[in-house]
Amino acid sequence: MEYDFHDVEAKWQQYWRNHQTYKTTGDNNRPKYYVLDMFPYPSGAGLHVGHPLGYIASDIYSRYKRLKGFNVLHPMGYDAFGLPAEQYAIQTGQHPAITTEQNINRYREQLDKIGLSFDWSREVRTSDPSYYKWTQWIFMQLFNSWYNNGTKKAENIQALITLFQRNGNSGIDAVNNQEKEFDAVAWNNFNEREQQTILLNYRLAYLADTMVNWCPGLGTVLANEEVKDGVSERGGFPVERKLMKQWCLRITAYAERLLNDLDGIDWTESIKDAQRNWIGRSEGAMLEFSPDSYRGQKEDWRIEVFTTRPDTIFGVTFLTLAPEHELVDKITTNDQRKAIDEYVNYAKNRSERERMSEVKKISGAFTGAYAINPFNNEKIPVWIGDYVLSGYGTGAVMAVPAGDQRDWDFAKYFKLPIPAIVKDADISEGADATKDGIMINSGFLNGLTGHQAIKAAIKEIEKLGIGKGKINYRLRDAIFSRQRYWGEPFPVYYKEGLPYLVEESELPVLLPDVDKYLPTEDGEPPLARAKDWRYSPKSLNPGPSPSEKGVHPSEKGGVPVEKEEKKASWQTANVKNWEITKANSRELRKIATEAEDLLWQELRNQKLEIKFRRQHVIDEFIVDFVCLEKMLVIEVDGEIHNEQKEYDEQRTLILNENGFNVIRFTNKEVKENIQQVLHTIKVELQTRQSLTKEPSDLSEEIPPLRRRGVGGEAESYPYEHSTMPGWAGSSWYFLRYMDANNDQAFASKEAVDYWQDIDLYLGGAEHATGHLLYVRFWTKFLFDLGLIPKNEPAKKLINQGMIQGVSSFIFRVNGTNKYVSANLKSNYECTPLHVDVSMVKNNELNIAAIRKWRPEYADAEFILEDGKYICGSEVEKMSKSKWNVVSPDDIINAYGADCLRMYEMFLGPLEQSKPWNTNGISGVANFIRKLWRLYHTKEHQFFVSDEAPTPAELKVLHKTIKKVEEDVERFSFNTSVSTFMICINELTDVKCNKRAILEPLAIILSAYAPHVCEELWSLLGHKESISKAVFPKWNEAYLTEDSFEYPISINGKVRFKLQLSLNLTKEEVEQTVRKAEEMHKYLNGDQPKKVIVVPGRIVNIVV
RNA sequence: GCGGGCGUGGCGUAAUUGGUAGCCGCACCAGACUUAGGAUCUGGCGCUGAGAGGCAUGGGGGUUCGAGUCCCUUCGCCCGCACCA
């Protein structure tokens, strides 16, 4: 029997599964190595041969590293939230979870067949509640953090609140969008609403009115990178700009670090450059223009601009504001009002797409207002124009027509002056943006070069107090909400319009069921359809029923899990709430009623030996007075408390159950009969036993109250109805794999400390400014919180190239049912039509097959050339609609997984894009057959000899080990496949069947062709998987040569060769070559002018 | 416009520090074996030329004893960003 890959591959895949061969454990003395593939979105189309390219490469590398003694983490999972499953749900009503599950199963089946060594026990799915619980948790940390520019890291929002309480917000160097300043007194006087609103301007996750890419076709907003040429990347629907309240993540806080840290990671220059470009750092100055002279006057308005060319200020002849600029309305004069309104309206109604396609179209309007150029005190007009973007810088520019092409175009169009500011610069046909010229007409800057003038100008700007040097970034904060169903719900609810986090113990906030996956009639996201989907804060919720206790929401109906940590997380949540509640209690103290004040005075005057506290926080409640030692609560109620009655009763009940006694008095009782009230209190104090110790101060010491409650509509709050974008889950999944089944944390500290970061990350370059930027952002954030040890996710990144498809076309003669062969098509007017590539071989169409393929071809006429129908062909993206998809399943069925693996590697360099061509695969198939034969007799019996190998055989083996090792280390997988082929050819030539050669050979090849090597390994008598073997070391001794056939070149052209000993010195080689017979022919009796000897390489003779 | 990458036989590619251009494979050609096969084995295969030789790494120029590799210039293709002040 020849090698039967069907049985062998199935057998070993089963073995690996049964023995959990590739399961990774963390506690290991071996050095760690983390190899990660970008996880796929499980689409309905399944895998085509392009998808596994990266997986195969990373698998080879993982297997190689294991053989080299590393503890390798090589996991896989699914980026399972996403639009296609949801679009399918909209069309069919099928829950996206079902679609997703089916697709995942199909993916898994296909992946398994390739023989990839993933540790599936660590699989993650971003759509799984046990996973997105932690995505929500990280969001909560973002919400609870601000960015301190002083320490250059994210810090807890509590620290900021403390600063506000002490000093207000001036002097705090935070990344924020808070405009107004306030002092400590003002802060402490703000009500909660005001405080929370301000805090939102500092939080790293915040809610803001944002200009977004609204896609009506998809009913959602899209990120910039999800929009291509004015239409949505998915689905190709038009996209428009719209102002909407959205969750945003303050990624701009990290702009500088995201930029600088690129230098320390081994990623391709193109990705790093794409990120640098996206972050878009530019150095310049921020300065103000106002209608009056600056020296000491108070202006009515100021226009702030950002410029990278402060040196050109003397050339400023007008200002341009974006049409959306907030000052437009204010500064517009009555004469110009109409023109401005019309223009603003015009600009608003132009879609993104129009703006893109009309890049060079110049438009704008004059506001009627003038500002003063602070450097030369000239009066300059203020215009608006949509070439100025509202989102960048300040949304206003100082226009220097001589130095900036856009300003030049605008000036030319509206006939504004274009004064020269650089000596000898020709600005008649366009601006001169270089900085090398000498400044003229520029006051104190005259005579300087642009470079020098920039520094001088900034100095002057700062001296005048009208601005300062500034670094600006193009990067914008990331919009983090999507009006979609199939994504992570936010752990957020709204109370009086303000967002609050749910308690940590209530995570995950599960995705509710909805009747339809469409927006509601009034344009609310699909989650608004969910019935009774509201948040009831813990204090009003019944405690967990015993049956539910300890059952993870994702495991309902499954096996209950013991959770001791429950209490700990409760306390964390309470501490956070306590801060807020405490703030409230302070407020309440200030607005105390007369009766409360009276009672407070009396309680103090009574000199009771027991301490009372006023407006004190107990868990989430604020009680009027409390004696903690006796656990006695005193409430003073107003006359009208009907609305509050139920709540108060409920509260009393909970407090009672937790050991507090609650006594109530009305305001009237206190005011009219204070003695009676005090008496009642004293009696109560005497009858109650003291606690053994008084809680020293804070209510954290009070254990969380046990709850019961009534629930009810009045005390529940609406959840956030948006969901998170697709990149939320993928921004931290690499961490989850480190400890994928942990339900107490996103990953344990031990796990993150052991695995640290990704050593090798493989994936497509299309994620350059999306996923790869966000994952760096979240990594840095979690690092700031001290939760992980590294501030970059991946040390090394490789982008595998795309495998394109080769589409085949037939040519229909227009208006007929005739199809003409490719080389005859110029004789006809015809239309190319895609045909399924499986019906085409070497461009020849299988006519019988196409007649069966579709009815319209059944009795079509095919116009042949030389008896054949030749198809046209073109390289295109592999896609179902182009009928050019090649499935790995088909290849594996025909040639086996090992063959597919090696062939995909053999196609060319990993990073290069290339078209798939099944034709070449027979070379690799032959290779595997030849390999098998080395270990077998002609009669197909397994046989290896225990004889000692010859030096020639050892040389073949060791040069192969050396070359393969070098190749794998530099990710040159295509060349190592060639090396294996050479090795097998050479061993076949010498009919080598020595165990001493074939055994190590199986090991090094096993990374590439694991199935056949496992089989050979077991035939060689080994009981354990070959993946547990040790990569052989190559030995220089077997490789050294004692002589070398020198190529002898004359004037750089090789003319003949000489076999010479490698022990000869340079001089000896030169002498031998000079004397060589062949030399006469080239010398014509002369002596060579020069002889260059490169030992072991070449000899060059100059004549 | 800016940034990144690429250009080598009929095709996919190789040449790791400047040192024999075309390894390995596909396709093709010739042959062997043979109950003819999409099997296996042997040989050939950059272009040109009968041959010696000449010409060849998109084009042109340069550095060097020697350039696919380094420098300048130019053309073509692919990818990313793009009115970013």
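Note that the coordinates shown come from a computational prediction; the quantities given were computed from them, not determined experimentally.
Taking the six-membered ring where tryptophan is involved, the planes of A:Phe410 and A:Trp383 are perpendicular, since the angle between them exceeds 60° and thus also 30°. By the 30° and 60° cut-offs, the orientation of the rings of A:Tyr61 relative to A:Tyr64 is tilted.
Place A:Ser282 and A:Asn919 on RNA chain B by their nearest nucleotides, and A:Asn919 ends up nearer the 5' end. Between A:Asp989 and A:Thr979, the residue anchored closer to the 5' end of RNA chain B is A:Thr979, taking for each the nucleotide with the nearest heavy atom.
For the pair A:Ile921 CD1 and B:A27 P, the interatomic distance rounds to 12 Å; values are reported in whole Å. When rounded to the nearest whole Å, the span between CH2 of A:Trp932 and C1' of B:U40 equals 18 Å.
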Show me the protein contacts with nucleotides 61-68 of chain B, counting only N or O atoms at under 3.5 Å.
unit_1: B:C65; atom_1: O2'; unit_2: A:Asn1100; atom_2: ND2; d: 3.0
unit_1: B:C65; atom_1: O2; unit_2: A:Asn1100; atom_2: ND2; d: 2.7

Atom pairs, N/O to N/O, protein against nucleotides 29-39 of chain B, distance under 3.5 Å?
unit_1: B:G38; atom_1: N2; unit_2: A:Lys841; atom_2: NZ; d: 3.0

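Counting any heavy atom pair closer than 4.0 Å across all strands shown, A:Lys1057 reaches a base atom. Backbone-only engagement by A:Gln912 is indicated by non-hydrogen atom pairs under 4.0 Å involving sugar-phosphate atoms exclusively. Within 4.0 Å of A:Pro915, counting heavy atoms only, lies no atom of the nucleic acid at all. Among the protein residues, A:Asn974 comes within range of the sugar-phosphate backbone only, with heavy atoms under 4.0 Å from sugar or phosphate atoms but none that close to a base.
B:G9: glycosidic angle within 90° of 0, hence syn.
Side-chain atoms of A:Asn799 do not come within 3.5 Å of backbone N or O of A:Glu911 as any donor-acceptor pair.
Taking side-chain N and O atoms only, A:Arg1055 has a distance below 4.0 Å to OP1 or OP2 of B:G54. Here A:Ser913 does not reach the OP1 or OP2 of B:C79: none of its side-chain N or O atoms lies under 4.0 Å away. For the OP1/OP2 pair of B:G25 and a distance below 4.0 Å, the side-chain nitrogens and oxygens of A:Asn985 include at least one atom meeting the criterion.
Of the candidate nucleotides B:G12, B:A85, B:G25, B:G12 has the atom lying nearest to any side-chain atom of A:Leu907. In the set B:C24, B:C81, B:C41, the nucleotide with an atom closest to the side chain of A:Lys930 is B:C41. When distances run from any side-chain atom of A:Thr975 to the nucleotides B:G4, B:C24, B:A15, the shortest one goes to B:A15. Considering only the side chain of A:Lys1053, B:C55 comes nearest among B:C81, B:C55, B:C24. Listed nucleotides: B:C81, B:A85, B:C24. Nearest to the side chain of A:Phe906: B:C24. Side-chain proximity of A:Trp278 to the nucleotides B:G25, B:A85, B:A82 is greatest for B:A82.
Minimum interatomic distance between A:Leu934 and A:Cys992 (heavy atoms only, all atoms of both residues): CD2-O, 3.4 Å.
With salt bridges taken as basic N to acidic carboxylate O contacts below 4.0 Å, none links A:Arg302 and A:Glu304. Under 4.0 Å is where a charged nitrogen must lie from a carboxylate oxygen, and between A:Glu269 and A:Arg276 at least one such pair does. Taking a cutoff of 4.0 Å between a charged side-chain nitrogen and a carboxylate oxygen, A:Arg309 and A:Asp407 do not qualify as a salt bridge. By the 4.0 Å N-to-carboxylate-O rule, A:Asp409 lies too far from A:Lys412 to be salt-bridged with it.
Partner assigned to B:A82 is none, using Watson-Crick or G-U wobble distances below 3.5 angstrom. For B:A56, there is no paired base (Watson-Crick or G-U wobble, both distances below 3.5 Å). Shown here, B:C6 forms a base pair with B:G76; the pair counts as Watson-Crick or G-U wobble because both key distances fall under 3.5 Å. Checking B:U16 for Watson-Crick or G-U wobble geometry (two distances, each under 3.5 Å) identifies no partner in any strand.
Take A:Lys963 and apply the side chain to side chain donor-acceptor pair (under 3.5 Å) test, not counting sequence neighbours, and it matches A:Asp967. In this structure, A:Glu326 has no salt bridge (charged side-chain N to carboxylate O under 4.0 Å, His left out) partners at least two apart in sequence or on a different chain. For A:Lys959, the salt bridge (charged side-chain N to carboxylate O under 4.0 Å, His left out) partners two or more places apart in sequence, or in a different chain, are A:Glu986.
Spacing between B:C33 and B:A39 at atom C1', rounded to whole Å, works out to 11 Å.
Residues from residues 963-973 of chain A placing a heavy atom under 4.0 Å of any atom in RNA chain B, listed by number, are A:Lys963, A:Glu966, A:Arg970.
For the residue pair A:Asp898/A:Tyr1008, the side-chain donor-acceptor check at 3.5 Å is not satisfied. No hydrogens or angles considered: a donor-acceptor pair under 3.5 Å links the side chains of A:Thr252 and A:Asp477.
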